[in-house]
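Before any comments, here is the structure.
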Amino acid sequence: MALPLPEETLLEMYWTMLLSRRLDERAWALHRQGKIAFHISAIGHEAAQVGAAYAIRRGYDWVAPYYRDLTLMLALGYTPREFMLNLMGKKGDPSSGGRQMPSHWSLKRANVISHSAPVATQTSHAAGIGLAIKLRGEDKVVITSVGEGSTSQGEWYEGVNWAAVHKLPVVFIIVNNLYAISVRQELQMAVANAADKALGLGLPGVSVDGMDFLTMYQVMKEAVDRARSGDGPTIVEARVYRITPHSSDDDDRSYRSREEVEQFKQRDPLLIARRTLEGEGVLTPQKHEALEQRAKELVDEAVRFGESAPYPDPEEAAYPVYAEDVQNA
Amino acid sequence: MALPLPEETLLEMYWTMLLSRRLDERAWALHRQGKIAFHISAIGHEAAQVGAAYAIRRGYDWVAPYYRDLTLMLALGYTPREFMLNLMGKKGDPSSGGRQMPSHWSLKRANVISHSAPVATQTSHAAGIGLAIKLRGEDKVVITSVGEGSTSQGEWYEGVNWAAVHKLPVVFIIVNNLYAISVRQELQMAVANAADKALGLGLPGVSVDGMDFLTMYQVMKEAVDRARSGDGPTIVEARVYRITPHSSDDDDRSYRSREEVEQFKQRDPLLIARRTLEGEGVLTPQKHEALEQRAKELVDEAVRFGESAPYPDPEEAAYPVYAEDVQNA
Amino acid sequence: MPEATLIEAIRQAMDEELARDERVFIVGEDVGKRGGVFRATQGLYEKYGPQRVIDAPLAELSIVGVGIGAALYGMRPICEIQFADFIHPAFNQIVNEAAKMCYRSNGEWTVPLVIRAPYGGGIGGGLYHSQSVEAFFTHVPGLKVVIPSNPADAKGLLKAAVRDPNPVLYFEPKKGYRLIKGEIPAGEYLVPLGKANVSRPGRDLTLITYGMTHYYALKAAQIVATEGIETEIIDLRTLLPIDKETLLQSVKKTGKVLIAHEDNLTGGYGAEIAAILADQAFTDLDAPIKRLAGPDVPAVPFSHPMQDWFMPNAEKIAAAIRQLAAF
Amino acid sequence: MPEATLIEAIRQAMDEELARDERVFIVGEDVGKRGGVFRATQGLYEKYGPQRVIDAPLAELSIVGVGIGAALYGMRPICEIQFADFIHPAFNQIVNEAAKMCYRSNGEWTVPLVIRAPYGGGIGGGLYHSQSVEAFFTHVPGLKVVIPSNPADAKGLLKAAVRDPNPVLYFEPKKGYRLIKGEIPAGEYLVPLGKANVSRPGRDLTLITYGMTHYYALKAAQIVATEGIETEIIDLRTLLPIDKETLLQSVKKTGKVLIAHEDNLTGGYGAEIAAILADQAFTDLDAPIKRLAGPDVPAVPFSHPMQDWFMPNAEKIAAAIRQLAAF
Ligand SMILES: Cc1ncc(C[n+]2csc(CCOP(=O)(O)OP(=O)(O)O)c2C)c(N)n1
Ligand SMILES: Cc1ncc(C[n+]2csc(CCOP(=O)(O)OP(=O)(O)O)c2C)c(N)n1
Ligand SMILES: [Mg+2]
Ligand SMILES: [Mg+2]
């Protein structure tokens, strides 16, 4: 297989996935220890996210993510320390200064817009950014993601429709992990693949194995190039699996079997990536071990940093309601 | 051509279209005379509506219409007198007792539910009726209609999606007259045919010449049969043209050429129906003349009836806000 | 009388209504196998099956829209909105459709529908899992709006809501789901919609409240009672239609009014109560009408110190009582 | 100073802002070739082209959502909702997104967006072309809500709204589009948001109102003036944030308050004004705070006699003034 990216980049992608996984696992541990109140996980989704991130010009293109996009965020320069501030609701959390729940991202320096919890509302924001890019005649692209369940929302449909009608430079990622909390895909949609929704909206739709970071990267790259060259939007469905419960508030045993979960763990995106990269001689067990070591150190350090960081002052909650009140500018 | 329905029924369908046209024309005249405040027209849409009406078991199946469905309503037993009460906002208007604008239908005796002005809200109502029919194990069917522009609403998408997921006995009619007021189809959707939206929702979609009542009838009949037999919903796109301005408040000269309108008048659904029926020997010029005569009499009588009918008392406006206040039951 | 938590009371009400009337069904996200994210419908899917307890697509407007359609056909749907914060996509269906159906059809069509949604903060839910949304709907004629404050009312009001021929919004104080316990009268138990409850009699001032804030209010009244201030508390229970009678009677007696709710102040439900009293009880008033409400920020923040800053509690209410009593 | 109608003033404001700032664009249904169903954007499509005056799909939530996205990117969109009655599908985008963006991102992202919508009845529009919707939004911190009552304000407020860094809802009294005429100061003319206007001074009572009802209020004040009653009228202009200062000053002087709006009474905007005054002006008040508002029915009916029954007018307001003045 001809590698589509330089070795260094591939290693960076692998590193990002690994770091994401270790941060995510630590978050679950912190939750068990009662040190954080909530976590919503990206475990199983890492390959799809890193594939998407490396298909855009990071820091130049725009991103409208959703709550599972930890790996994507790390690829855009979000740091482990920042994630810990976010998890713990500490001062300096760049997403919201502790106002939003964890994993409700925003990172202005990386062109990541703020999203909310009501699902799919970011879809029309992405279309609007695409419209602005087009009106200004720029060559930027915007990518946006939602879960497959969220495509049941009229919010999603209307946003994609705008981009299709106006041929806007947007890539709409549908992260299909088969479940919306407990509700399976069959109760959300009557099409076999979420990507088939593209057929009704008049844009290309591709369904891809989102457990394989290189496949995801390649499909995303095509879609992003297409958007950048003015040919319009694409829907990319990344087929993944959520290996953990929906969130730290969930208990998934009521709605799916342990066998099913175990089966999908065989296709863990980190294992697949490691196998590919080792097969290509890009990664060695030694290199992997070194990365693990570095991840552990970074995560440990980030936790210490987060724990010693102060909480916001209560009175910070009073602003900024209006742009006039902004005090962090 | 083998006629799909008894001659008598075909004549009835033709009669309904003719009566609808003459009532509609009279409404425009009444508006010009300052006798009514508002009219929204079905002219050009008659064939699609009569085709749909005769495909269901009228009075048994359920209907969630939209404001252009005058012909459909007449086929369901709505009377010229009732239409005049409705146009004039007089007491006894069966849709709303003068509360709603004209052509916002409701006719409980014919299983026609009340619809509002915000477009496409009736789509999920139709899905809900379909769900109720299915839950009760009945063999009824519900049909519902919207314009092609209204399919841009998330409201429409979500309602159809429900029916597709649960295989509900619903037929979703999209009346494509190319315009939503002034906005052409190309600015509403990126698909060539509105029926293509079915591809993204996982149900069959058929695009049909809605200017030909027999074609419309046959396609609707299939879709209704399919729904009744438990095989699920269908989208039927009726390609028509709105020969009049959008409503009595509209001036269509700013957004479409007179040539275009003239061209479509050549395909007037009444002319097509008359040609077909005369060709088959079902209709003769004499019979046609008699129908015209009867229509004129009926319309004249209805106008007189409407004009002499009283307005609602002002205080009627105070109720019924809640079911407890219902005074007409 | 057995003790139950608030959420058990709600579950009981649904269970009994499902058993009583086969037109009743539940529709919402994760209400089936999962039993609801707060477990309000736990066990009902197993008991009544997927035709009576329906896992909906993740799409609130159609959850309500489908409910309306089914109600028009003669069913009695209970729609669950997973969090009140997610009722906004269904606003058009609730306000333009459900609320106006009876009026616009001159009574030919009615919408016997219940929409349940957990509301309120203090549970670390941040901006989008903490909202109070009642004021958007108490402005809408054609809707009924109910908020229970204790298990007995929760059960009796929900059962009455299911039987009501109108669209009823039923907001549940989620922070109280397991926190608030109480006895529930045995057997068939209904609490009529539209009737407020004087949950604590008192002579010095009238404290008007509902839902979770009522829980704090009771505690606050206990605190100030030790200081000799006797607070009369009115638990509204039904916010629309408003039980003006009960309010006016109490104010006639006390002459002082404090209105408390968690939702933000400006344009909140308390404004209407204040406005009614400033008109109809003007001559009975001995002091300015006071409101204690959430601050005018977009929603409850996540981080604990900021959440605490936002939330009402017994101490804040006690302070407001003292100030008003001293007027 | 040239005279203009209300709608001409609105068009002028958009024309000037489009010319001044290339980040400004208009998006809505039929705003292009058709020039808007009320002709508010007439000529602008021809002048600025389809990139600056965009005919949107028939889908309000995405009209607002796309506007928000473009605003985040640095544009200054003006979104037109064809009738205020159709703003409901966009409720989630307005309340959960636009209003909360600045707060939830701790100020990193702001939404400089204007949403224009014609509101109000008396034009034979029935339940869905007559609604007043301001009270849904004046409850939402993070939004600004503006309603002009005359051409000069309409122009100056709209231009200020376009330049405001926040989401601004700008509701236009459609019955007054051609009915209300007035002079507009020449040259660049801005009216600051957040400032009410004492449009008629008087000593006997304060009449607080806005928009179309202000038009009737002026006439009512003229009628009762001939009977010796001097009404002070406050035209709010900006409903959120509220200019409390101006209100309190006036009530200090007159001691009596009548609040008038077309929207239905319960939970309407007037409730908040009454509540503020019942607290902060309590000792200044010589009479109950009165509200004259639309009746509590779901919306304005179509048929003339019923529409008249619903609508406020100069006579109804004059009657309320007389009654209050006599207290
Ligand atoms: C409008 C809205 N309704 C309900 C919820 C509650 N909720 C949070 S996540 C979720 C499931 C989302 O499923 P999916 O879109 O498939 O994404 P996934 O979590 O599987 O990645 C639900 C129902 C919400 N956040 N927003
Ligand atoms: C939610 C909503 N937005 C806007 C309108 C105003 N409006 C009334 S009809 C119409 C055009 C509808 O076009 P289409 O759906 O194609 O139906 P047609 O009138 O062409 O039959 C519009 C924009 C409305 N009624 N509802
Ligand atoms: Mg999912
Ligand atoms: Mg059309």
Side-chain angles (χ1 to χ4, degrees), chain C residues 60-61 85-96 99-104 126-128 131 135-142 240-242 257 259 263-283 285 287-291 295-299 301, chain D residues 60-61 85-96 99-104 126-128 131 135-142 240-242 257 259 263-283 285 287-291 295-299 301:
Chain C
E60 285 75 10
L61 88 79
D85 315 61
F86 307 141
I87 206 167
H88 303 60
F91 192 75
N92 193 35
Q93 282 291 341
I94 298 171
V95 174
N96 267 338
K100 296 182 174 56
M101 187 69 73
C102 176
Y103 187 75
R104 83 178 186 218
L127 272 72
Y128 297 103
Q131 293 179 31
F136 296 126
F137 301 104
T138 48
H139 178 48
V140 181
L240 190 72
I242 308 174
V257 181
I259 303 157
D263 194 11
N264 67 288
L265 183 79
T266 298
Y269 184 73
E272 180 59 35
I273 299 297
I276 289 171
L277 298 176
D279 178 3
Q280 298 175 37
F282 182 74
T283 52
L285 287 170
I289 298 174
K290 288 290 172 188
R291 288 181 291 166
D296 279 325
V297 299
Chain D
E60 285 75 12
L61 87 81
D85 316 60
F86 308 141
I87 206 166
H88 304 58
F91 192 75
N92 194 34
Q93 282 291 340
I94 298 171
V95 174
N96 267 338
K100 297 183 173 54
M101 186 68 74
C102 176
Y103 186 75
R104 83 179 186 216
L127 271 72
Y128 296 102
Q131 292 179 31
F136 296 126
F137 301 104
T138 50
H139 178 50
V140 182
L240 190 73
I242 307 173
V257 182
I259 304 158
D263 194 10
N264 66 289
L265 182 79
T266 299
Y269 184 73
E272 180 59 34
I273 299 297
I276 290 171
L277 298 176
D279 178 4
Q280 298 175 36
F282 182 73
T283 51
L285 287 170
I289 299 175
K290 287 292 173 188
R291 289 181 290 165
D296 279 325
V297 298

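In what follows, every heavy atom counts, from backbone to side chain, and hydrogens, waters and symmetry copies are set aside. Chain naming here is simple, since letters A, B, ... match the order of the sequence lines and numbering starts at 1 in each.
If you tally non-hydrogen atom pairs under 4.5 Å between each of C:G142, C:A271, C:P301 and chain D, the highest count goes to C:A271. The residue among C:A274, C:C102, C:A287, C:A135 with the most heavy atom pairs within less than 4.5 Å of chain D is C:A287. Between chain D and the residues C:N264, C:T138, C:D85, C:L127, the most heavy-atom pairs under 4.5 angstrom are made by C:N264.
Contact annotation for C:F137: neither backbone nor side-chain heavy atoms come within less than 4.5 Å of a heavy atom of chain D. Interface remark: C:I276 contributes backbone and side-chain atoms alike to the contact with chain D (heavy atom separation under 4.5 Å). Residue C:A99 touches chain D through its backbone alone, counting heavy-atom pairs closer than 4.5 Å. The contact between C:L285 and chain D is made by backbone and side chain atoms together, counting heavy-atom distances below 4.5 Å. Contact annotation for C:A90: neither backbone nor side-chain heavy atoms come within less than 4.5 Å of a heavy atom of chain D. In this structure, chain C has no heavy atom under 4.5 Å from any part of D:Y269.
When all heavy atoms are compared, the tightest approach of C:K100 to D:A299 is CE-CB, 3.9 Å. When every heavy atom of C:N92 is checked against every heavy atom of D:P89, the shortest pair comes out as ND2-CG, 3.6 Å. In this structure, C:E272 and D:G267 approach most closely via the heavy-atom pair OE1-N, 2.7 Å. Between D:D279 and C:P288, the closest heavy-atom pair is O-CB, 3.4 Å.
Residues C:Q131 and D:N96 are in side-chain contact: their nearest non-hydrogen atoms beyond the backbone lie under 4.5 Å apart.
Checked options C:D263, C:T266, C:L265; the residue passing with D:H139 is C:D263 (criterion: side chain to side chain contact (heavy atoms under 4.5 Å, CB included)).
Here the CG-CD1 distance, from C:D296 to D:I242, works out to 8.5 Å after rounding to the nearest 0.5 Å. Once rounded to the nearest 0.5 Å, the distance linking NE2 of D:H88 with NE2 of C:H88 reads 13.5 Å.
Below 30°, between 30° and 60°, or above 60°: for D:F91 and C:F136 the angle between ring planes is above 60°, a perpendicular geometry.
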